[in-house]
Amino acid sequence: MRIETQLSADNDIMHFFTESGFLEKGSIEFSDAQSLQPSPLAENICRVSGVVSVLITPDCLSVTKEHNALWDELKPQVLAEIADCLTESKVAETSRNPTPADIVCHIVGLLNARIRPTIRKDGGDIVFRGFENGVVYVELQGKCVGCPYSQRTLKEGVERLLRTYIKEVDTVEKYEN
């Protein structure tokens, strides 16, 4: 699952794009509690502190933030909500036996939306290297290399998150060349 972002000419608006899109037709704007009823995704994004409104079209989800809010803080949270929603939708759509490509797509999407932004704030990075027999292989880079907490990050952070959302994941291991 790939989610791309683009900052609008108005710096208080950011657009989010996915390969599968968001709606079949039309557009819906969510700016108050009553308008949120039909969209759990919009409701969850509007709960993020600093978000003013959400506009969902077939191709794009646009988020308007408060003028003093920072995208560096909001963007990872919005990406996480989109990834959660798309993961739940994909799980509901797929059969009991998702293909290995589906599983990898979910893993990469969760890594990019939920884990990578946090690790990058600390000067590191995480790269997906493979998935085989229930084991996800990732490579830690930057300040994460040699960090005494890297194993803890893998097991208590990355592994716990992936196992929560993807039943086919048993463990996460550090990639060895």
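- Residues satisfying the side-chain hydrogen bond (donor to acceptor under 3.5 Å, both in side chains) criterion with D12, sequence neighbours excluded, are K65, H67.
- In this structure, the separation between CD1 on I45 and CD1 on I82 is 4.5 Å, given to the nearest 0.5 Å.
- Interatomic distance, I56 CD1 to S62 OG, rounded to the nearest 0.5 Å: 9.5 Å.
- Taking the salt bridge (Lys or Arg N to Asp or Glu O under 4.0 Å) definition, one finds that K155 meets it with E159, E173, sequence neighbours left out.
- Minimum interatomic distance between F131 and E168 (heavy atoms only, all atoms of both residues): CZ-O, 3.7 Å.
- In the displayed structure, N133 atom CG is contacted under 6.0 Å by at most 12 heavy atoms of other residues, nucleotides or ligands.
- Within a 6.0 Å radius of CG in D10, more than 12 heavy atoms belonging to other residues, nucleotides or ligands are found.
- Residues satisfying the side-chain hydrogen bond (donor to acceptor under 3.5 Å, both in side chains) criterion with E132, sequence neighbours excluded, are absent altogether.
- Under the rule for a salt bridge (Lys or Arg N to Asp or Glu O under 4.0 Å), E176 has no partner lying at least two apart in sequence or in another chain.
- Within the 4.5 Å cutoff, no side-chain heavy atoms of V135 are placed close to those of V169.
- Just one of V51, V48, L55 meets the side-chain contact (heavy atoms from CB on, under 4.5 Å) condition when paired with V63; it is V51.
- Minimum heavy-atom separation, I3 to A83: CD1-N, 4.1 Å.
- No path of Ile, Leu, Val, Met, Phe, Trp and Tyr side chains, each step under 4.5 Å between heavy atoms, connects I13 with V54, placing them in separate hydrophobic clusters.
- Transitive grouping of hydrophobic side chains (ILVMFWY, heavy atoms separated by less than 4.5 Å) keeps L74 and F17 in distinct clusters.
- Between R116 and I126, the closest heavy-atom pair is NE-O, 3.3 Å.
- Of all heavy-atom pairs between C144 and S150, the closest is O-CB, 3.7 Å.
- In this structure, OH in Y137 is found 14.0 Å from NZ in K174, a value given to the nearest 0.5 Å.
- Take E73 and apply the salt bridge (Lys or Arg N to Asp or Glu O under 4.0 Å) test, not counting sequence neighbours, and it matches no residue.
- Atom CG of residue L140 and atom OH of residue Y175 lie 13.5 Å apart, to the nearest 0.5 angstrom.
- Nearest approach of N44 to E81, heavy atoms of both residues: CB-OE1, 3.2 Å.
- With rounding to the nearest 0.5 angstrom, the CZ atom of F128 is 9.5 Å from the CG atom of L162.
- Side chain of S8 to backbone of N11: no donor-acceptor contact under 3.5 angstrom is found.
- Rounded to the nearest 0.5 Å, atoms CD1 (I107) and CG (L161) are 11.0 Å apart.
- For the pair R160 (side chain) and E156 (backbone), a donor-acceptor distance under 3.5 Å is present.
- The side-chain contact (heavy atoms from CB on, under 4.5 Å) check on Q141 picks up D125, V127, R129, E139, with sequence neighbours excluded.
- A heavy-atom distance below 4.5 Å is found between the side chains of V138 and L154.
- One hydrophobic cluster, built from ILVMFWY side chains closer than 4.5 Å, holds both L7 and L79.
- Of all heavy-atom pairs between K75 and F16, the closest is CG-CE2, 4.3 Å.
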